[in-house]
Amino acid sequence: MTAKTEGPGFGAGLITGLPIALGYFPIAFSFGVAAVKADLSWFEAVMLSVLIYAGASQFLALALFTSGAPVLVSAFTLIAMNLRHVLYGPALMKEVGAEASRKHAWAWGWGLTDEVFGQALGSLARGQKFSEAWMFGLGLAAYAAWISGTGLGAWAGGGALAAYPALNAGLGFMLAALFLSLLLSILTRKAVPAIAVAAVATVAGTVIWSSTEGILAGMICGALAGVVRK
Amino acid sequence: MNPDLLIMALLAGLANWGFRALPVILMKREQAPGGVMARFLASTGPAAIATLFVASVLPQIYPAPREILPLAMGVMATFAGFWPRKSIVGGTLAGAAGYAATFWFLGLGG
């Protein structure tokens with residue numbers, strides 16, 4: 001694998017992050033709305049997005065907090081939901097090459113969410129060069145959209161999109177469309193077994209257990225399919 | 001800010017940072033090319049993205065199907081928006097627009 005180390009800068013990363021920002025903003029907006037509906041203040045809603053920065057976890061955090069669940073139980077539930085993220089950094093660095101700098105990974109690593117990982121991997125697969133500044137820009141575009149969306153949603157309050165149900169529905173589909181576009185961008189014959197096994201395992205895991213376990217099952221089984229492939 | 005909420009957010013956020021950043025910081029540089037771990041990591045990306053796509057549309061299909069036609073049109077519009085220029089932005093926006101247009105055309109959502 002050739003190291004892709006001479007890469008684009010921070011600005012190019014911001015541009016690469018644009019599709020994620022477009023997808024994140026409406027979801028974060030919904031989170032902001034849900035947070036104030038759950039009697040959190042504007043500041044508390046925004047701080048959850050700043051500190052946790054994980055969509056599903058934040059919605060669950062609202063449910064746990066408002067139900068009065070013990071704080072440690074709530075925290076460990078949220079932590080368990082994001083265990084899958086441990087795979088992203090090593091998978092990305094495998095694609096980039098061993099010589100690539102990761103001196104500032106402590107900073108850009110925070111932004112390595114599902115979508116940022118997918119976008120970075122898709123871009124690299126299409127020949128994009130890697131740099132830590134580019135990764136930082138990519139992550140920051142998504143993070144800024146997440147925080148600003150939350151802030152605007154919490155400010156707008158409940159019912160902000162109620163008058164526009166079609167727009168609301170379209171925005172709700174945006175992340176699924178982003179994942180599908182990312183999948184198409186990295187689709188190769190070699191990747192098909194991992195993709196197929198992941199899809200089946202996700203459905204099976206969700207039906208048998210829950211969506212959280214389904215996601216974990218899909219990622220692990222799909223990656224294992226790549227190991228057994230000749 | 002409520003102290004319980006702050007502690008919960010700090011613990012979850014710290015763990016998220018650990019899950020995302022520490023594996024990059026701590027991973028060894030030397031990995032046997034074509035080794036088991038290398039193949040596992042190479043397959044993680046496609047597997048993760050496929051998983052997240054399936055997980056994002058599955059609630060509309062199981063346990064009770066809802067808004068199936070907007071979903072189908074949204075998926076087709078994503079393909080149509082992506083292919084001409086292999087554009088992720090194009091695919092994402094076309095998918096969302098296709099979904100919203102079908103939703104509106106069918107008069108869903110009251």
Side-chain angles (χ1 to χ4, degrees), chain A residues 19 44 47-48 51-52 54 57 61 65 71 74-75 78-79 82 85-87 89-91 93-94 98 102 105-106 109-110 112 114 118 121 165-167 169-170 173-186 191 194-195 198-199 202-203 206 211 214-215 218-219 222-223 226-227, chain B residues 1-2 4-5 7-13 15-17 19-21 23-25 27 29-31 33 36 38-58 62 67 70 74-75 78 82 86 88-89 91-93 95-97 99-100 103-104 108-110:
Chain A
E44 287 172 331
M47 283 310 286
L48 284 187
L51 293 174
I52 299 179
S57 293
F65 181 70
V71 65
S74 302
L78 301 182
I79 289 167
N82 292 315
H85 289 173
V86 296
L87 297 171
M93 296 318 286
K94 159 81 177 55
R102 44 189 165 136
W106 60 270
W110 165 248
L112 211 49
D114 297 325
L121 201 72
L167 176 64
F173 184 71
M174 204 164 239
L175 269 194
L178 174 62
F179 286 132
L180 182 55
S181 298
L182 288 171
L183 194 59
L184 293 172
S185 76
I186 59 157
I195 290 170
T202 306
V203 174
T206 303
S211 57
I215 288 173
M219 289 186 184
V227 174
Chain B
M1 186 168 179
N2 182 297
D4 281 353
L5 191 67
I7 292 168
M8 179 177 73
L10 279 172
L11 288 174
N16 280 346
W17 177 83
F19 291 157
R20 293 169 186 170
V24 180
I25 296 167
M27 75 184 283
R29 286 194 181 276
E30 306 80 21
Q31 281 183 7
V36 170
R39 279 185 288 160
F40 181 82
L41 292 176
S43 301
T44 298
I49 296 169
T51 294
L52 293 167
F53 170 65
V54 172
S56 64
V57 298
L58 195 57
Y62 176 85
E67 297 172 18
V75 167
T78 305
F82 175 82
K86 303 280 188 286
I88 289 171
V89 179
T92 305
L93 292 178
Y99 191 105
F103 189 96
W104 174 80
L108 299 171

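The sequence lines fix the lettering, A, B, ..., with proteins before strands; numbering per chain opens at 1. On a predicted model such as this, the values are computed, not experimentally measured, just so you know.
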>> Can you give me the closest heavy-atom contact between A:Ala176 and B:Val57, atom names plus distance?
In response: CB-CG1, 3.9 Å

> For B:Ala96 and A:Gly170, which heavy atoms make the closest approach, and how far apart are they?
Replying inline: CB-O, 3.4 Å

> Can you name the residues that form a side-chain hydrogen bond (donor to acceptor under 3.5 Å, both in side chains) with A:Ser185, not counting sequence neighbours?
Replying inline: A:Arg126

>> At a 4.5 Å cut-off on heavy atoms, which part of B:Leu58 comes close to chain A: side chain, backbone, both, or neither?
In response: side chain

> Checking side chain to side chain contact (heavy atoms under 4.5 Å, CB included) for the pair A:Met174/B:Leu93: CA distance, chi angles, key distance, verdict?
Replying inline: CA-CA 7 Å; A:Met174 204 164 239; B:Leu93 292 178; 3.6 Å; yes

>> Looking at every heavy atom in both A:Gly218 and B:Ala47, which two are closest together, and how far apart are they?
In response: O-CB, 4.3 Å

> B:Gly91 and A:Ala177: which non-hydrogen atoms are nearest, and at how many Å?
Replying inline: O-CB, 4.3 Å

> How far apart are the C-alpha atoms of A:Leu87 and B:Phe40, what are their side-chain angles, what is the distance that settles it, and do they pass the side chain to side chain contact (heavy atoms under 4.5 Å, CB included) test?
Replying inline: CA-CA 10 Å; A:Leu87 297 171; B:Phe40 181 82; 3.6 Å; yes

> Going by heavy atoms in the side chains, are A:Phe173 and B:Thr78 under 4.5 Å from each other?
Replying inline: yes

>> Looking at every heavy atom in both B:Val24 and A:Met93, which two are closest together, and how far apart are they?
In response: CG1-CG, 3.8 Å

> Does atom CH2 of B:Trp104 have more than 12 heavy-atom neighbours, drawn from other residues, nucleotides or ligands, at distances under 6.0 Å?
Replying inline: no

> How long is the span from the CG atom in A:Leu51 to the CG atom in B:Leu5, to the nearest 0.5 Å?
Replying inline: 9.0 Å

> Which value, rounded to the nearest 0.5 Å, describes the distance between B:Asn16 atom CG and A:Ser57 atom OG?
Replying inline: 6.0 Å

> Which distance, rounded to the nearest 0.5 Å, do you find between the CG of B:Leu52 and the CG of A:Leu180?
Replying inline: 12.5 Å

> Where do A:Phe179 and B:Thr51 land on the side chain to side chain contact (heavy atoms under 4.5 Å, CB included) test, with the steps shown first?
Replying inline: CA-CA 9 Å; A:Phe179 286 132; B:Thr51 294; over 6 Å; no

> Considering all heavy atoms of both residues, which atom of B:Met8 and which atom of A:Ser74 are nearest to each other, and what is their separation?
Replying inline: SD-CB, 3.3 Å

> Excluding sequence neighbours, so at least two apart, what forms side chain to side chain contact (heavy atoms under 4.5 Å, CB included) with B:Ala15?
Replying inline: A:Ile79, B:Phe19

> With a 4.5 angstrom heavy-atom cut-off, which part of A:Ile186 approaches chain B: side chain, backbone, both or neither?
Replying inline: side chain

> Relative to chain B, which segment of A:Ile215 carries a heavy atom at a distance below 4.5 Å: side chain, backbone, both, or neither?
Replying inline: both

>> Rounded at 0.5 Å granularity, tell me how far CG in A:Leu178 sits from OG1 in B:Thr92.
In response: 4.5 Å

> To the nearest 0.5 Å, what is the distance between CE (B:Met1) and CG (A:Leu48)?
Replying inline: 5.0 Å

> Counting distance only, does the side-chain N/O of B:Arg20 pair as donor-acceptor with the main-chain N or O of A:Trp110 below 3.5 Å?
Replying inline: yes

> What distance separates A:Leu184 CG from B:Phe53 CZ, expressed to the nearest 0.5 Å?
Replying inline: 8.5 Å

> Which region of A:Leu121, side chain (C-beta onward) or backbone (N, CA, C, O), has a non-hydrogen atom less than 4.5 Å from a non-hydrogen atom of chain B, or is it both or neither?
Replying inline: side chain

